[in-house]
Amino acid sequence: MTILLYDLVGRDENRPFSPHCWKATMALAHKGLDIATAPTRFLEVPTIEGGVSKTLPVIRDGDKVVIDSFAIALYLEEAYPDRPTLFGGDGGKAMARFIERWSQSTIHPYVTTAAIVDLHAMQDETNGAYFRQSREQRLGKKLEEAKAAREAGLGTFRASLEPLRSILSYQPFIGGASPLFADYIVFGALQWARIATSYQLLDDGDVVAQWFDRCLDLHGGLGRKVAAAA
């Protein structure tokens, strides 16, 4: 049975950009499951599946609807135990929880700074107006003012990745010899940036950039099917 993934897009429905949807996309591919995607814009989210969620991703698997990327990964692990594991046991689930909190407190704020104006430009007029109003309210400043801080913050952002850089000096993936859901969490954040903005967050020689390239090649190059921002 094909699993339906509601995937966040802007004006171009072939450029899904949400870090959380990318986590779910990679988790579904990791499990080798057949998926269909429903491109969904910001203002359409409250209308899907009877208004089950205000955010994406959302999946439908037969009669089952699951919201939230981490909940989706847990569901897939339980529903499809015969397929490759996303966690490798309870310890892997706990590790992924830590990685998610770290990614959202360390990577996401800087990607927001670096890409916020570009993300706005990806939306159509109506969704763009919603994006600007909601993000400026959240940030307490104009989008352009937020973007202005990205140059000054770049060095600090790169330094903040040292824990990730360190673990990747020992092993090819966060999960060890092969990727686990913890890898997809961080991948989703950097894929969000890759698709939204041409601004270079990482030096090419950085082991984190090299790991990200390996992740882009996973599952038949799934991550590369959406081109980087020009």
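Note that the structure is predicted; figures quoted are calculated from it, not measured.
- Side-chain contact check for Leu161 versus Leu202: some heavy-atom pair is nearer than 4.5 Å.
- The salt bridge (Lys or Arg N to Asp or Glu O under 4.0 Å) check on Lys147 picks up nothing, with sequence neighbours excluded.
- For Thr197, the side-chain hydrogen bond (donor to acceptor under 3.5 Å, both in side chains) criterion is met by Asp118, not counting sequence neighbours.
- No side-chain heavy atom of Asp12 sits under 4.5 Å from any side-chain heavy atom of Met122.
- For Asp63, the side-chain hydrogen bond (donor to acceptor under 3.5 Å, both in side chains) test picks out no residue, with sequence neighbours left out.
- Heavy atoms only, all atoms of each residue included: Cys215 and Phe187 are closest at CB-CD1, 3.4 Å.
- Shown here for Ala189 and Val111, the closest heavy-atom pair between the two residues is O-CG2, 4.0 Å.
- Considering only heavy atoms from C-beta on, Met1 stays 4.5 Å or farther from Ile3 through its side chain.
- The CD1 atom of Ile167 sits 13.5 Å away from the CZ atom of Arg165 when rounded to the nearest 0.5 Å.
- Legend: residues meeting salt bridge (Lys or Arg N to Asp or Glu O under 4.0 Å) with Glu49, ordered by chain and number and at least two apart, are Arg60.
- Here Tyr80 contributes atom OH and Leu28 contributes atom CG; the two are 9.0 Å apart, rounded to the nearest 0.5 Å.
- No more than 12 heavy atoms of other residues, nucleotides or ligands sit less than 6.0 Å from atom CD of Glu78.
- For the pair His20 (side chain) and Pro57 (backbone), a donor-acceptor distance under 3.5 Å is absent.
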Before giving the answer on side chain to side chain contact (heavy atoms under 4.5 Å, CB included), spell out for Phe131 and Ile116 the whole-Å C-alpha distance, their side-chain angles and the decisive distance to 0.1 Å.
CA-CA 10 Å; Phe131 183 89; Ile116 194 75; 3.7 Å; yes
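- Hydrophobic clustering (ILVMFWY, side-chain heavy atoms < 4.5 Å, transitive): Leu5 and Val9 are in distinct clusters.
- Atom SG of residue Cys21 and atom CG of residue Leu56 lie 5.0 Å apart, to the nearest 0.5 angstrom.
- Interatomic distance, CZ of Phe181 versus OG1 of Thr85, reported as 12.0 Å (0.5 Å rounding).
- Among pairs with a residue in residues 218-227, those fulfilling side-chain hydrogen bond (donor to acceptor under 3.5 Å, both in side chains) read Tyr184-His219, Asp217-Arg224, at least two apart in sequence or across chains.
- Remark: Trp102 CH2 to Ser160 OG distance equals 6.0 Å, nearest 0.5 Å.
- Nearest heavy-atom pair, Glu13 versus Pro39, reported as atom, atom and distance to 0.1 Å: CB-CB, 3.7 Å.
- Side-chain atoms of Leu216 and Arg194, non-hydrogen and from C-beta on, do get closer than 4.5 Å to each other.
- Contact check for Phe87 versus Leu74: side-chain heavy atoms found under the 4.5 Å cut-off.
- By the 4.5 Å heavy-atom criterion applied to side chains, Ile195 and Gln191 are counted as neighbours.
- Sequence neighbours left out, the pairs with a member in residues 31-40 that pass side-chain hydrogen bond (donor to acceptor under 3.5 Å, both in side chains) are Lys31-Glu77.
- Looking at residues two or more places apart in sequence or on another chain, you find no side-chain hydrogen bond (donor to acceptor under 3.5 Å, both in side chains) involving Glu44.
- The closest side-chain heavy-atom distance from Asp61 to Val66 is not below 4.5 Å.
- Partners of Tyr130 according to the ring-ring contact (aromatic ring centres under 6.0 Å, His included) rule, which considers only residues two or more places apart in sequence or in another chain, are Phe42.
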Given the rule in the side chain to side chain contact (heavy atoms under 4.5 Å, CB included) test, do Val45 and Thr55 qualify, once you have shown the distances and angles that lead to the verdict?
CA-CA 6 Å; Val45 174; Thr55 61; 5.5 Å; no
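- Of all heavy-atom pairs spanning Thr113 and Ala146, the tightest one is CG2-O, 3.2 Å.
- Remark: of the listed residues Thr25, Ile59, Ile35, Thr25 is the sole one forming a side chain to side chain contact (heavy atoms under 4.5 Å, CB included) with Asp7.
- Asp68 meets the side-chain contact (heavy atoms from CB on, under 4.5 Å) test with Phe70, Ala71; sequence neighbours excluded.
- The aromatic ring centroids of His108 and Trp192 lie less than 6.0 Å from each other.
- Side-chain contact check for Trp211 and Asp183: at least one donor-acceptor pair (N or O, by modelled atom type) lies under 3.5 Å.
- Among residues at least two apart or in separate chains, ring pair (Phe, Tyr, Trp, His ring centres under 6.0 Å) pairs with a member in residues 144-165 are Tyr110-Phe157.
- Judged purely by atom type and a 3.5 angstrom limit, Asp206 uses its side chain to pair as donor or acceptor with the backbone of Val208.
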Hey, can you pull the donor-acceptor pairs under 3.5 Å for the side chains in residues 170-178, sequence neighbours left out?
unit_1: Gln171; atom_1: NE2; unit_2: Phe173; atom_2: O; d: 2.9
unit_1: Gln171; atom_1: NE2; unit_2: Ile174; atom_2: O; d: 3.0

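- Taking the side chain as every heavy atom from C-beta outward, Leu154 and Arg158 approach each other to under 4.5 Å.
- The two atoms that bring Ala96 and Ile185 nearest to each other are O-CD1, 3.4 Å, heavy atoms only.
- Sorted by first then second residue, the salt bridge (Lys or Arg N to Asp or Glu O under 4.0 Å) pairs that include residues 95-106, not counting sequence neighbours, are Lys23-Glu100.
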Given Leu43 and Arg41, is the side chain to side chain contact (heavy atoms under 4.5 Å, CB included) satisfied, shown in steps?
CA-CA 6 Å; Leu43 293 173; Arg41 294 171 178 85; 6.0 Å; no
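- Looking at every heavy atom in both residues, Gly10 comes nearest to Phe17 through N-CE2, 3.5 Å.
- Taking CE of Met26 as the reference point, atom CG of Leu86 lies at 11.0 Å (rounded to 0.5 Å).
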Would you check, one step at a time, whether the test side chain to side chain contact (heavy atoms under 4.5 Å, CB included) holds for Arg135 with Leu143?
CA-CA 7 Å; Arg135 270 51 183 181; Leu143 303 185; 3.8 Å; yes
